[in-house]
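To keep things clear, I will list the structure first and then write my remarks on it.
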Number of protein chains: 4
Amino acid sequence: MQFKDNEAIYLQIADHICDLILRKEFSKDTRIPSVRELAVSLVVNPNTIVRSYAYLEEKGIIYNQRGIGYFVAKDAIDIVMKLKMDQFMSSELPQFFKKMALLKISLKDLKELYHKTHQTNGKEISYEAQ
Amino acid sequence: MQFKDNEAIYLQIADHICDLILRKEFSKDTRIPSVRELAVSLVVNPNTIVRSYAYLEEKGIIYNQRGIGYFVAKDAIDIVMKLKMDQFMSSELPQFFKKMALLKISLKDLKELYHKTHQTNGKEISYEAQ
Amino acid sequence: MQFKDNEAIYLQIADHICDLILRKEFSKDTRIPSVRELAVSLVVNPNTIVRSYAYLEEKGIIYNQRGIGYFVAKDAIDIVMKLKMDQFMSSELPQFFKKMALLKISLKDLKELYHKTHQTNGKEISYEAQ
Amino acid sequence: MQFKDNEAIYLQIADHICDLILRKEFSKDTRIPSVRELAVSLVVNPNTIVRSYAYLEEKGIIYNQRGIGYFVAKDAIDIVMKLKMDQFMSSELPQFFKKMALLKISLKDLKELYHKTHQTNGKEISYEAQ
DNA sequence: GTGGTCTAGACCACC
DNA sequence: GTGGTCTAGACCACA
C-alpha cells in the first residue's frame, strides 16, 4: 500500500479498512488482522496500527475482544456510511462547489469530466458494481 | 481573519492573498502590505508572514524590490489559476468522484445538490459574476 | 564546518549536503542526519536545519518519511547536477567570460592558469577521478 | 539600467561606473553625474547613489570636491584593474575551476563554449576591441 | 522604512 | 524518537 504524505498514515489505514468493510470484504463480526500482522504486511510501525484501530473502535466501527483480536461491529457499514456522508455534505461538497466557482468550472464541464473519468478509468470505480 | 486549525497559518495567508489577486483586489504591480504591517493586522508573528511571502515569491506570484516591498507579479493570476487548476484536476476531482462512488451519489443527485446550493447561498459565489 | 559570512547558513548547509550526494557519501534512500542531530553537530539552531531541509525537499533532492526522517531521493544526483549546470550556463559562465574580456585575459592565458592550478593543487579536484 | 536582485544595487551601480571608466567613457578628472542626477536617471533612491560614490571614493577611484561634485581619480583605471584582477585571481578563478571540476567540464569543453559565446554574442564583448 | 536571517524555546501530530 | 509550525526578539544590509 502506498501512502500519501499529506494525510496521517494511521488515518489512511483506518480509511482503507472502512473501504474494505463497505466493499464487504470484511463482514460483520469478522476478525480483522492483528496489529502485528497488519504492521508487517503494510511495513509500518505497529504503534501506527494501534492508533488506526483505536480510532475505528472509538467510532464504534470495530470492537475488541481481549486476548483475541478486533472484530467488525455489526452496524459497521451504517456507521461508516453515516460518517462519510456527514463529512461529505457538511464540508467536502461545499468546498468542492466553491472551488468549481473559483475555477469557473460549470456543471456541464463537470459532467464531461465525470464521463471522461468513468470511461478511461473503470478500475477505480469497479467496486460500485459489486 | 479566522484561521483553521488543520492547515498551517502561513499557507492560509498565502492562499488568502491568492484569492485577493484572483478577485482583482490586488492588481499586478500593486504593492502588497509590508511584512510588519500584515503581521500586526492579522495578529501573527512577522516570521509567519515572511514565510507566506517567501512561498508566494517562490511560486512567482509576487516579487520583491529590496528595501521597498513585495509586489504582485504581472502574470500572478495565470500562475494562481494554473496552480489551483493542476491541484484540482490531479487530486481533488478524482478524490471527489471516488467519494461520490463510495456514497453512491449519482451525477443526477449531484446536479440537484448543486442547484440547491446555488439558490440558497448566492453570496458565496457572488464574485463569479464580477 | 566553517560558514562564510556572505551567504545564508541554511543555503551553505544545503549546498554542502548536495556536495556529499554528488561525492556519493550519501547514496539514494540513505537517511540523512535528523534535524536535531545536525543542529547539534554543526552548532546551529534546529530551525536553520529545518530551512535547509525544506529547501532541499522543495527541489526534490530529499524526501521525508513522517516520524522517521529525511532520505536522499533516488534521482537526487541528477537534480543536483541539473540545478548546478543550469546556474553555471545561464549565469556563472557568461559572467566569467565577461570578466575575462574586461581583464583582457585570453583563452591561452586561461589555459595556462588552469594547468598551473591543477599541478599545485591536486587535492581539490581529487574526487574528479573517483 | 536593469538590476540583478542577487547583488546590492549600490554595488551594481559602482561596478557600472568602473566599467565606464575602463571603457574611457569617463576619463580622469572628469566630473561624474551628481548624486541627484544619477538617482533620477537610474530611478533609484538618492541614498543608494550616495553609497555607491562613498564606496568608490573609499577605494580611491573617485574623489570629491566639496560643493562641486565627484571626479574620476587620475589613476582610477589602474586601481579598478588591480581590484578586479586581485578578486579574480584570488577568488573567482579558483571557484570557477572548482565548479568546472564538479560539473565535469573539461578545458576543451570550455574552449568550445568560449568560441560559441563569442560568435553569437559579439555585442557583449564589443568594448574589448575599443 | 524594507525584507532576510538566525537564535531560543515552545507545542503539536505522528511513527 | 521524528519533523512542522509558531512566537518572540534580535541583528543585519539595503533603499
Side-chain angles (χ1 to χ4, degrees), chain A residues 3 5-13 35 39 42-52 54-55, chain B residues 3 5-13 31-39 42-57 62-71, chain C residues 3 5-13 31-39 42-57 62-71, chain D residues 3 5-13 35 39 42-52 54-55:
Chain A
F3 297 110
D5 60 351
N6 54 359
E7 194 188 351
I9 290 175
Y10 84 96
L11 285 175
Q12 294 182 54
I13 292 171
V35 168
L42 295 182
V43 197
V44 296
N45 191 304
N47 282 328
T48 304
I49 307 294
V50 168
R51 245 180 130 163
S52 302
Y55 173 82
Chain B
F3 297 112
D5 272 6
N6 55 357
E7 195 187 356
I9 291 176
Y10 84 94
L11 286 176
Q12 294 182 53
I13 292 171
R31 183 171 172 278
I32 63 177
S34 80
V35 169
R36 288 167 176 81
E37 279 168 20
L38 196 54
L42 295 183
V43 197
V44 295
N45 189 289
N47 278 330
T48 303
I49 307 296
V50 166
R51 247 183 126 170
S52 302
Y53 283 8
Y55 174 82
L56 291 170
E57 186 181 26
I62 60 177
Y63 64 92
N64 183 5
Q65 280 194 260
R66 266 214 303 259
I68 302 179
Y70 277 97
F71 297 79
Chain C
F3 297 112
D5 272 5
N6 54 358
E7 195 188 354
I9 291 177
Y10 84 95
L11 286 176
Q12 293 182 52
I13 292 171
R31 183 172 173 277
I32 63 177
S34 80
V35 168
R36 289 166 175 79
E37 278 168 20
L38 197 55
L42 295 183
V43 197
V44 295
N45 188 288
N47 278 330
T48 304
I49 307 295
V50 166
R51 250 186 123 168
S52 302
Y53 283 9
Y55 173 82
L56 291 170
E57 186 181 26
I62 61 178
Y63 63 91
N64 183 7
Q65 282 194 260
R66 266 213 303 258
I68 302 179
Y70 277 97
F71 297 79
Chain D
F3 297 110
D5 61 351
N6 55 359
E7 195 188 351
I9 291 176
Y10 86 93
L11 286 176
Q12 294 182 54
I13 292 171
V35 167
L42 296 182
V43 197
V44 295
N45 190 303
N47 282 329
T48 305
I49 308 294
V50 168
R51 247 179 130 163
S52 302
Y55 174 82

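So you know, we letter chains A, B, ... as the sequences are listed, proteins then strands, and number each from 1.
Rounded to a whole Å, the CZ atom of B:Phe71 is 12 Å from the P atom of E:dT2. Distance, C:Tyr10 OH to E:dT5 C1': 9 Å, rounded to whole Å. Here E:dA13 presents its P atom at 19 Å from CD1 of A:Ile13, a figure rounded to the nearest Å. Counting to the nearest Å, the P atom of E:dC14 and the CG atom of B:Asn6 are 11 Å from each other. Taking atom OH on B:Tyr63 and atom C1' on E:dG3, their separation rounds to 15 Å, with Å as the unit. For the pair D:Asp5 CG and F:dA15 P, the computed distance is 11 Å after rounding to whole Å. Taking atom CZ on C:Phe3 and atom C1' on E:dT5, their separation rounds to 13 Å, with Å as the unit. When the P atom of E:dC6 is taken as reference, atom CG of C:Leu11 falls 8 Å away, rounded to whole Å.
Here the side chain of C:Arg51 pairs no donor or acceptor atom with the backbone of C:Ile9 at under 3.5 angstrom. Distance alone, capped at 3.5 Å, is enough to place a donor-acceptor pair between the B:Arg66 side chain and the D:Asp5 backbone. With hydrogens and angles ignored, the 3.5 Å screen pairs no side-chain donor or acceptor of B:Gln65 with any backbone N or O of B:Phe71.
Using a 4.5 Å heavy-atom threshold, the side chains of B:Tyr53 and B:Ile32 count as touching. You'll find the side chain of B:Leu56 stays beyond 4.5 Å of the side chain of B:Tyr70, heavy atoms only.
Projected onto DNA chain E by closest heavy-atom contact, B:Glu57 and C:Val44 fall at different nucleotides, the more 5' of which corresponds to B:Glu57. For the pair C:Gln65 and B:Tyr53, both in contact range of DNA chain E, the more 5′-proximal nearest nucleotide belongs to B:Tyr53. Sequence order on DNA chain F of the closest nucleotides to D:Ala8 and C:Pro33 puts C:Pro33 first from the 5' end.
Contact annotation: C:Tyr70 side-chain N/O to F:dG4 OP1/OP2 distance is under 4.0 Å. At the phosphate of F:dT2, neither OP1 nor OP2 sits under 4.0 Å from any side-chain N or O atom of C:Arg66.
Each of F:dC14, E:dG4, E:dC15 was ranked by its minimum atom distance to the side chain of B:Val50; first place goes to E:dG4. Counting only heavy atoms from C-beta on, B:Arg31 has its side chain closest to E:dT2 among F:dG4, E:dT2, E:dC6. Picking from E:dT2, E:dG3, E:dC6 the nucleotide with the shortest atom distance to the side chain of C:Thr48 gives E:dC6. For B:Asn64, the side-chain atoms get nearest to E:dG3 when compared with the rest of E:dG3, F:dC6, E:dT2. Comparing atom distances between the A:Arg51 side chain and each of F:dC14, E:dC15, F:dT7 picks out E:dC15 as nearest. Relative to the side chain of B:Ile9, the nucleotides F:dA15, F:dC6, E:dG3 differ in distance, and F:dC6 lies closest.
Nearest heavy-atom pair, D:Thr48 versus D:Tyr10, reported as atom, atom and distance to 0.1 Å: O-CB, 3.6 Å. Pairing each heavy atom of C:Ser34 with each of C:Arg31, the nearest pair is CB-NH2, 3.6 Å. Closest non-hydrogen pair, D:Val35 versus D:Pro46, comes out as CG1-O, 3.6 Å.
If you check every strand for non-hydrogen atoms under 4.0 Å, B:Asn45 touches a base. B:Glu7 comes within 4.0 angstrom of nothing in the nucleic acid, heavy atoms only.
Base pairing in DNA chain F gives the following stems of 3 or more Watson-Crick or G-U pairs, range against range and under 3.5 Å: E:1-14 with F:1-14.
For a distance-only test at 3.5 Å, the side chain of B:Asn47 fails to qualify as a donor-acceptor partner of the base of E:dG3. With hydrogens and angles ignored, no donor-acceptor pair closer than 3.5 Å exists between the side chain of B:Arg36 and the base of E:dG1.
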